[in-house]
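Structure, as structure tokens:
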Amino acid sequence: MVLTREFESSLKKRYLSKEFTRAIYSCLGQEACGIGVGQAVQDTDWLLLPHRCLHYVIGRGVPLDRVAQEIYSRKPGCAGGGGGRYVCPE
């Protein structure tokens, strides 16, 4: 949960400094829900995530560098840089 909070806090600072322009929807304070669900689901389960989904994605173990690349619209992102924080099919 600490990792999720630190990662998102860092993203918020970078967004406010205009380092990237994709909208971010904070899930600060909701980390336990996403981490708990992420740990409980099986690899064969499907999740339909809300717009504040970063904590679920991290809870499922998607590498932070791939999540960050997606938010920055870069090809190495978990959806090829085109989905923003909404699409991480891993």
Side-chain angles (χ1 to χ4, degrees):
M1 288 188 292
V2 173
L3 178 64
T4 302
R5 175 155 304 198
E6 293 299 318
F7 185 72
E8 185 150 357
S9 294
S10 173
L11 285 177
K12 183 178 178 183
K13 288 177 190 171
R14 292 167 189 251
Y15 176 77
L16 292 174
S17 70
K18 303 201 185 309
E19 193 171 312
F20 64 90
T21 57
R22 265 191 208 252
I24 57 170
Y25 298 99
S26 177
C27 62
L28 293 174
Q30 302 172 34
E31 296 90 349
C33 178
I35 299 300
V37 168
Q39 295 299 305
V41 297
Q42 304 296 313
D43 288 340
T44 56
D45 291 336
W46 286 72
L47 291 176
L48 180 60
L49 300 176
H51 64 287
R52 295 172 199 236
C53 63
L54 186 60
H55 51 308
Y56 293 99
V57 171
I58 293 172
R60 284 298 295 149
V62 176
L64 294 182
D65 61 329
R66 293 189 41 106
V67 175
Q69 294 289 345
E70 190 61 33
I71 291 169
Y72 278 80
S73 301
R74 296 187 180 142
K75 276 244 187 250
C78 46
R85 68 179 301 151
Y86 300 109
V87 182
C88 277
E90 297 176 27

- Task: Determine which pairs satisfy salt bridge (charged side-chain N to carboxylate O under 4.0 Å, His left out) with at least one residue from residues 71-81, sequence neighbours left out, and list them in order.
- Result: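 Sorted result for residues 71-81: empty, none.
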Value rounded to 0.5 Å, distance of [atom1] in [X] from [atom2] in [Y]:
| X | Y | atom1 | atom2 | value |
| --- | --- | --- | --- | --- |
| Leu64 | Leu3 | CG | CG | 5.0 Å |
| Lys12 | Leu28 | NZ | CG | 6.5 Å |
| Cys27 | Ile58 | SG | CD1 | 7.0 Å |

Only distances under 3.5 Å count here; give the side-chain donor-acceptor pairs of residues 34-42 to other protein atoms, sequence neighbours excluded, each with its distance to 0.1 Å.
residue, atom, partner, partner atom, Å
Gln39, NE2, Gly59, O, 2.8

Residues in side chain to side chain donor-acceptor pair (under 3.5 Å) contact with [X], at least two apart in sequence or another chain:
| X | result |
| --- | --- |
| Gln30 | none |
| Asp43 | Arg60 |
| Ser9 | none |

- What residues, two or more places apart in sequence or in another chain, satisfy ring pair (Phe, Tyr, Trp, His ring centres under 6.0 Å) together with Tyr15?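 Partners of Tyr15 by the ring pair (Phe, Tyr, Trp, His ring centres under 6.0 Å) criterion, ordered by chain and then number, come out as Phe20.
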- Message: Testing the basics here: between Glu31 and Met1, what is the closest heavy-atom pair and its distance to 0.1 Å?
- Response: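 Residues Glu31 and Met1, closest heavy atoms: CG-O, 3.9 Å.
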- Query: With the 4.5 Å side-chain cut-off for hydrophobic clustering, are Tyr72 and Leu16 part of the same group?
  - Reply: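 Both belong to a single hydrophobic cluster.
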